[in-house]
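Structure, as structure tokens:
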Amino acid sequence: MPELPEVETVRRRLEPELVGRRLERVDIHDPRLTRPFDPAGVAAELEGERIVALDRRGKYLVFRFESGRVLLVHLRMTGQLLHGNGDALSAEDAHRRAVVRLDDGSDVIYRDIRRFGTWLLVEPGELGPYFEGRVGHEPLARGFTQKRLGEALAGRQAPVKAVLLDQRRLAGVGNIYADEALWRAGIHPCRPAGELSDAEIATLHRGVRAALRAGIALQGATLNDYRQPDGASGRMQDEFKVYGRGGEPCDRCGALIEKTRVAGRGTWYCPSCQR
DNA sequence: TTGGCGTCCTGGAGGC
DNA sequence: TGCCTCCAGGACGCCA
């Protein structure tokens, strides 16, 4: 499922291909994609727009247009953005939810098996209010310090993993990278967030950033559905320390990795070296 | 304000 | 072989 490293990988691949291009035709096949707005209306508004920048905020892809409008694309669980010739990209694919024809004749295909993904067209000046209170610190930004992480965790009785997954506090961390970050930090995912010491917060701060950077360096993790815009798989799944490795030995201490459930999510950890 | 749970959604795995 | 049930999880709404 696309988290910060996967979304950033998609952004980096698409940016040189899409910036400067005009949207000639937009076909949105899934009425759920643009809820609560009419997909035909959204498509009509998008046609003719020129992309001037492609950014990322948390797990959102931010398409900025010449008019000042912004299209926010969230891939959720199984969303994919593919770029190429639409006819060659399996036109019969039942999971195609939208197709955008660009002015160079290429296509951007949006496919989504579980249909959780969303497209939201935001008017100039509305992006800030939309993100306000909804999307928290960027964990790889220069300003995300150990102090900022400490503030996000302070006073919370919820499991530390649940707080890492809370996008209002930390943007972009999902189930995979939360587990991987906690393993790197040697912290048990069920520990109450507010009880971590300053030293543990410092270790977790390094662990979160290291896990996310590793994911970006390996072009994300491909488990089932995530693909890069050219269809290639990521390689992070080959470097997982705990996620999905229940019953296998821990790389650090050799104890068998266990699985539990935290915040309603499957959670893998080492019972020996994560305290 | 906080934390937990249900909902949306579909494909795959496992059981019978 | 076919059918049924369960599981996976990001964001959001609801409730205690």
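Just so we're on the same page: letters track the sequence lines, and every chain starts at 1. Bear in mind the structure is a predicted one, so any value in this text is a computation, not a measurement.
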- So what does A/Lys161 hit on the nucleic acid, given a heavy-atom distance under 4.0 Å: a base, only sugar-phosphate, or nothing? nothing
- Query: Which part of the nucleic acid, if any, lies within contact of A/Arg168, taking any heavy atom under 4.0 Å across all strands shown: a base, the sugar-phosphate backbone alone, or nothing?
  - Reply: nothing
- Mutual orientation of the aromatic rings belonging to A/Phe144 and A/His137 [parallel < 30°, tilted 30-60°, perpendicular > 60°]: tilted
- Query: What heavy-atom pair brings A/Ile176 and A/Glu3 nearest, and what distance separates the two atoms?
  - Reply: N-OE2, 2.9 Å
- Starting at atom CG of A/Leu75, determine the distance to atom P of C/dG9, rounded to an integer number of angstrom. 17 Å
- Query: Will you find, in the side chains of A/Asp179 and A/Tyr177, an N or O donor that is under 3.5 Å from an N or O acceptor?
  - Reply: no
- Crowded around A/Asp238 CG? As in, over 12 foreign heavy atoms under 6.0 Å? yes
- Note on the structure: Readout for nucleotides 10-16 of chain C: B = base within 4.0 Å of protein heavy atom, S = sugar-phosphate only, - = neither; 5' to 3' it is BBS----
- Task: Please work out if A/Tyr243 contacts a base, only the sugar-phosphate, or nothing of the nucleic acid, heavy-atom cut-off 4.0 Å.
- Result: sugar-phosphate
Would you mind writing out the side-chain donor-acceptor pairs for residues 185-193 of chain A within the sub-3.5 Å range, not counting sequence neighbours?
unit_1   : atom_1 : unit_2   : atom_2 : d
A/His188 : ND1    : A/Cys190 : N      : 3.0
A/Arg191 : NH1    : A/Glu200 : OE2    : 3.1
A/Arg191 : NH1    : A/Arg275 : O      : 2.8
A/Arg191 : NH2    : A/Glu200 : OE1    : 2.9
A/Arg191 : NH2    : A/Glu200 : OE2    : 3.3

Please list, one pair per line, the donor and acceptor atoms closer than 3.5 Å that link side chains of residues 165-175 of chain A to other protein atoms, with sequence neighbours excluded.
unit_1   : atom_1 : unit_2   : atom_2 : d
A/Asp166 : OD1    : A/Arg168 : N      : 3.0
A/Asp166 : OD1    : A/Arg168 : NE     : 3.0
A/Asp166 : OD2    : A/Arg168 : NH2    : 3.3
A/Gln167 : OE1    : A/Gly172 : N      : 2.8
A/Gln167 : NE2    : A/Leu165 : O      : 3.1
A/Gln167 : NE2    : A/Val173 : O      : 2.8
A/Arg169 : NH1    : A/Ala152 : O      : 3.1
A/Asn175 : OD1    : A/Lys161 : NZ     : 2.5
A/Asn175 : ND2    : A/Gly266 : O      : 2.9

What are the atom names and distances for every N/O pair under 3.5 Å that joins the protein to nucleotides 10-12 of chain B?
unit_1 : atom_1 : unit_2   : atom_2 : d
B/dT10 : OP1    : A/Arg115 : NH1    : 2.6
B/dG11 : OP1    : A/His95  : NE2    : 2.8

- Scan residues 71-83 of chain A for pairs that pass salt bridge (Lys or Arg N to Asp or Glu O under 4.0 Å), counting only residues two or more places apart or in two chains. none
In a table with atom names and distances, give each donor-acceptor pair under 3.5 Å that connects a side chain of residues 125-135 of chain A to protein atoms at least two apart or in another chain.
unit_1   : atom_1 : unit_2   : atom_2 : d
A/Tyr130 : OH     : A/Tyr60  : OH     : 3.4
A/Arg134 : NH1    : A/Tyr130 : O      : 2.7

